[in-house]
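Naming convention: chains lettered A, B, ... in sequence-line order (proteins, then strands); numbering from 1 in each chain. Atoms considered below: every heavy atom in the structure, side chains included; atoms not considered: hydrogens, waters and symmetry mates.
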2 protein chains.
Amino acid sequence: MGIFSKTCEYAVRAVFFIAQHTADGSRVGIKEIAVKIDSPEHFLAKILQDLSKRGIIQSVKGPNGGFYLDAQSLGRPLSDVIEAVDGGGIFRDCGLGLKECSSKNPCPLHHDFLDVRNRLQSMLESITIGQFNEDLNLGIVVLKK
Amino acid sequence: MGIFSKTCEYAVRAVFFIAQHTADGSRVGIKEIAVKIDSPEHFLAKILQDLSKRGIIQSVKGPNGGFYLDAQSLGRPLSDVIEAVDGGGIFRDCGLGLKECSSKNPCPLHHDFLDVRNRLQSMLESITIGQFNEDLNLGIVVLKK
DNA sequence: ACAATAAAAGACATTTTTATCTTTTATTGT
DNA sequence: ACAATAAAAGATAAAAATGTCTTTTATTGT
Ligand code: FES
Ligand code: FES
């Protein structure tokens with residue numbers, strides 16, 4: 001497994017895809033998303049249901065329904081998606097699994113890990129979901145394979 | 001879960017503990033290790049068996065037996081333990097789970113992730129298992145709680 | 001040789017993650 | 001109202017990670 005859970009990877013890829021395809025206010029369906037980001041449809045559906053309940057993404061049922069992002073969602077930092085799915089532990093927890101991670105009670109890796117975690121966090125906090133669209137639309141980045 | 005699997009966390013904590021307690025050539029038993037690093041004994045036994053087979057740590061059976069580290073093992077970078085347990089994916093794989101992670105086929109996070117991964121890797125490669133002993137012996141770092 | 005010791009190995013159980021399928025509910029256009 | 005649509009919700013299932021227990025093998029000291 002990578003840094004994030006597979007569930008989280010699907011979530012981020014899906015959110016990017018939704019952002020890219022709904023900038024104009026339209027919606028995109030679960031089937032298309034699943035195919036385009038290469039994820040299992042029904043599993044992804046669960047993930048998006050959860051994100052929808054949390055207000056990270058928006059959805060409407062029925063004809064022409066689907067998932068989309070409103071202005072507020074587009075303005076969220078990507079870290080919100082990560083936290084919603086995997087929790088914020090990755091930004092805070094000890095790399096060696098110790099319960100209390102602090103400078104007063106450091107494990108051998110504490111200080112170095114702090115640096116890595118902070119970098120990861122600030123990177124994911126400093127860019128919004130919407131901002132990725134530019135690169136996606138320019139075709140210089142990709143969401144599949 | 002943190003950056004590493006729980007299995008990997010146990011492994012690293014155990015290796016540190018072994019290093020600290022066998023600098024003089026003695027051995028330390030699985031029961032003591034498990035208690036001191038707060039891990040399930042039999043599960044940890046499996047992990048250490050594997051590390052022993054791979055030559056990352058050393059072991060001898062029988063009375064006064066146990067686990068220890070020879071000079072070569074003490075000189076290994078910590079990244080060797082991580083790779084043995086979790087594989088090297090964490091240093092190489094795409095943060096969004098794409099199969100081919102490269103600058104020619106980058107996901108939206110590729111460049112930022114590259115930086116984070118490289119930092120993590122160089123940090124884990126640049127310090128040897130034995131080098132952690134100083135801090136451990138000085139009591140300024142800890143392996144439990 | 002023998003008994004004690006401690007890791008290695010094997011078998012099994014639980015939990016979490018990942019995945020699939022079916023039914024229900026909300027929405028839309030006619 | 002009605003039929004079509006698409007997400008929400010529910011029920012299972014498969015796979016992987018994590019954890020426990022028992023038996024076997026190698027080593028040591030006597
Ligand atoms: S105590 Fe381990 S990373 Fe802080
Ligand atoms: S393609 Fe995603 S991190 Fe490289």
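Look at CD1 on B:I47: it is 9 Å from C1' on D:dT18, rounded to the nearest Å. Taking atom CD1 of A:I30 as the reference point, atom C1' of C:dT20 lies 14 Å away to the nearest angstrom. We find that CD of A:Q49 is positioned 13 Å from C1' of C:dT22, with the value rounded to whole Å. Atoms CD (B:E41) and P (D:dT22) sit 13 Å apart, rounded to a whole Å. For the pair A:K31 NZ and C:dC21 C1', the computed distance is 13 Å after rounding to whole Å. The distance between atom CG of A:D50 and atom P of C:dA19, rounded to the nearest whole Å, is 16 Å. Atom pair B:H42:NE2 and C:dA11:P shows a separation of 17 Å (rounding to whole Å applied). Atom CG in A:L44 sits roughly 12 Å away from atom P in C:dT20 (whole-Å rounding).
Judged by distance alone, with hydrogens and angles left aside, the side-chain atoms of B:R76 form no donor-acceptor pair with the main-chain N or O of B:G130 at under 3.5 Å.
Phosphate proximity of C:dT18 to A:Y10: absent, as no side-chain N or O sits under 4.0 Å from OP1 or OP2. Remark: B:K6 is not in phosphate contact with C:dT16, judged by side-chain N or O atoms under 4.0 Å from OP1 or OP2. Close to D:dA8, at under 4.0 Å from its OP1 or OP2, lies a side-chain N or O of A:S59.
Across all strands, A:K46 comes closer than 4.0 Å to base atoms (heavy-atom distances).
Within 6.0 Å of the CD atom in A:E134, the count of heavy atoms belonging to other residues, nucleotides or ligands does not exceed 12.
Proximity note for A:N64 (side chain, C-beta onward) versus C:dT28, D:dA9, C:dA19: the nearest is C:dT28. Here D:dG19 is the nucleotide among C:dA19, D:dG19, C:dA7 with the atom lying nearest to any side-chain atom of B:P40. The nucleotide whose nearest atom lies closest to any side-chain atom of B:K61 is, among C:dT27, D:dT25, D:dT20, D:dT25. Counting only heavy atoms from C-beta on, A:F43 has its side chain closest to C:dT18 among D:dG19, C:dA7, C:dT18.
Comparing A:G65 and A:T7 along DNA chain C, the residue whose closest nucleotide (by nearest heavy atom) sits nearer the 5' end is A:T7.
For B:Q58 and B:S73, the side-chain atoms include at least one donor-acceptor pair closer than 3.5 Å.
Nucleotide C:dG29 forms a pair with D:dC2, judged by Watson-Crick or G-U wobble geometry with both contacts under 3.5 Å. Using the Watson-Crick or G-U wobble rule with both distances under 3.5 Å, D:dT22 pairs with C:dA9.
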**Message:** Could you walk me through whether A:V85 and A:Y10 satisfy the side chain to side chain contact (heavy atoms under 4.5 Å, CB included) test, starting with their C-alpha distance in whole Å, then the side-chain angles of each, then the deciding distance to 0.1 Å, before giving a yes or no?
**Reply:** CA-CA 10 Å; A:V85 179; A:Y10 292 149; over 6 Å; no
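Taking the charged nitrogens against the carboxylate oxygens, A:K46 and A:D50 have no contact shorter than 4.0 Å, which rules out a salt bridge.
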